[in-house]
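Worksheet: one structure, shown below.
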Amino acid sequence: MGSNAGGFDFDLCKRNAMLENKGMVLPKAWKTGTTIAGLIYKDGVVLGADTRSTSGNTVADKNCSKIHFIAPNIYACGAGTAADLEHVTDMVSGQIALHRYATGRQTRLITAMTMFKQHLFKYQGHVGAALVLGGYDLNGPHLFTIYPHGSTDSLPFATMGSGSVNAMAMFEAYYKDDMDRSEAMALVARAIRSGVMNDLGSGSNVDLCVISKDGADYLRNYEYLQAKTYTRQFPVKYPPGTATVLKQRVLSLKDVEVIEGAAEEMDVS
Amino acid sequence: MLPRPTTHSKALGPGVAGPELAVAISAVLDRPPKPVSHLPLSGAQPCAVDPAALCDPRQHTKYPYVTGTSVMAIKYKDGVLVGCDTLGAYGTTKRYKSTQRIYHVNSKCVVAAGGEISDFQYISNLLDELTTDDYRFDDGIELSPQEVHSYLCRVMYNRRNKFDPLWNSLVVGGVQGGQPFLGMVGMIGTHYTDSHVTTGFANQLARPLFRERQRDDMSEEDALQLMYDALKVCYYRDKVSINKFQIAKVTKDDGVSISEPFALDMRWDYKMFAQPTKWAVGAW
């Protein structure tokens, strides 16, 4: 390792370059080949997402969380490069919090949407973040899609990600105006399930987030689609008698002296 | 605006150009337009060898010109339903709005195609020759759907081997031995049989609906309703399609009937479509 003088240590850059010259392939950035969806119902918005994060053809995270917190009344589902999504949503969430303290009011969805689109347009699509932004503010429920180049759409139902076409098939077939909460949750779960079952980039479980004027309900792992048939319990509890006792010896601690105080350093000279 | 080729990032979903197109350099702008319609979904490049490089004076199929879009088919209790629209598109122009993309082979079998219409007409000719031979034998024996499926699979694969494919995704549907039969053959010879088959855009749009709702013992009303839903969704989300469909029904009792072209009711009047930028003034 390099010296401890502080600052950045670039010792490994030369070694990495040498390894690449010898043919090493660097691991690919984690992407969330994804199905995300959002739906406006009578009293609010339901957002849904799968939970698979992929790195090339490997599943990197079986149960990642793709519904990101922006404000207590605003959540964003993200598809695209995982790092870009985490950072962009964190950044906007922080800016929104400062904005909330400065104005003293509940955040509006268009504020968050404008912050996202201006940031993404500035980077001309190099920030690989495709979002479904949903929430409930003083003007009612809203749902926006935001593309990596900075364009936005305002829609009653929206899907993004590699499984978006599969999920959109469900929405186009079964959406109707003024659904109630349970119908909306069932339809979004159905759309995400369609993405999970029919797209290789999406998988594992379904997360839902229901946002209405009473606040947000983040239903993590609402449905387990590929649950293990047997899961171990932690901590493992073995009933007494599981291990056969061969010998027993009881020591009385009455004659042992207990010294209170700081431990002495071990003499290693 | 200069024409720009779009790429499709697998992580971000369809229709989203990746970051490499953000910078307008000549290497990007002068790229020759890649025909993306109806390339095989496997990602394989069927004409990877340029015949000109082999000093071969013959022309080989490189791009499709007049194309049909998706075909979808399901088995149900009495037989099979095969549905598609009637559009022959010239690129993105809706050029021929009354093409019948379903070919009636014999009283037990139909073949429907997406992809290059001229190649489909050639395939129809081949099947017509086989049917005419059967007729001349005059022994009452007709080609079964499974035989048609095998034959088409060999034809497609052999053409692919000569680097001159017939640019089609074919669906073979029929009834044999009292049992419904459905098969698909792709342009490179990929083939399978199943209770529901889809080609083109319907792979992603109609297949989830079929997987949820199709049962081999469905009634005819349920099957028709499922087919209408699938055709509707494909029309909503496929740019190169029209609201004019035909459904072919093959049953063990009544043989083949190809319906007259019909239109389906579409919903464009959801409340939230009315003023999308009401709360996002300046956006779209």
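Worth saying up front: this structure is predicted, and the values here are computed from it rather than measured. Chain A is the first sequence line, chain B the second, and so forth, proteins listed ahead of strands; every chain is numbered from 1.
- Residue contact with chain A, scored on non-hydrogen atoms closer than 4.5 Å, is absent for B:Q275.
- Of the listed residues (B:M272, B:R267, B:R207), the one with the most heavy-atom contacts under 4.5 Å to chain A is B:M272.
- No side-chain donor from either of A:R52 and A:S204 sits under 3.5 Å from a side-chain acceptor of the other.
- Classification of A:D43 and A:K213 as a salt-bridged pair fails, no side-chain N sitting under 4.0 Å from a carboxylate O.
- At a cut-off of 3.5 Å, with distance as the only test, no side-chain donor of B:S169 or B:T199 sits close to an acceptor on the other residue.
- Between A:D178 and B:K271 there is a salt bridge, with a side-chain nitrogen of the basic residue lying less than 4.0 Å from a carboxylate oxygen of the acidic one.
- Most heavy-atom pairs under 4.5 Å with chain B, from the set A:M113, A:R193, A:M170, A:K176: that is A:M170.
- Below 4.5 Å, heavy atoms of chain A meet heavy atoms from B:V233, B:Y236, B:R237, all part of residues 231-242 of chain B.
- Rounding to the nearest 0.5 angstrom, the gap separating the CD atom in B:Q246 from the OG1 atom in B:T99 is 8.0 Å.
- Using a 4.0 Å cut-off between charged nitrogen and carboxylate oxygen, B:D222 and B:R215 do not count as a salt-bridge pair.
- Inspection of the A:D50 and A:T35 side chains reveals no N or O donor paired with an N or O acceptor under 3.5 Å.
- Interface summary for chain B: among A:F157, A:F171, A:F144, the most heavy-atom pairs under 4.5 angstrom belong to A:F157.
- Considering only heavy-atom pairs separated by less than 4.5 Å from chain B, the leading option among A:G140, A:G195, A:A169, A:S194 is A:A169.
- Annotation: B:F262 is in aromatic contact with B:Y228 [ring centroid separation under 6.0 Å].
- Across all their heavy atoms, B:C84 and B:I102 have their closest contact at SG-CG1, 3.7 Å.
- Highest contact tally toward chain B, considering only A:E172, A:M168, A:R108, is held by A:E172 [criterion: heavy-atom pairs under 4.5 Å].
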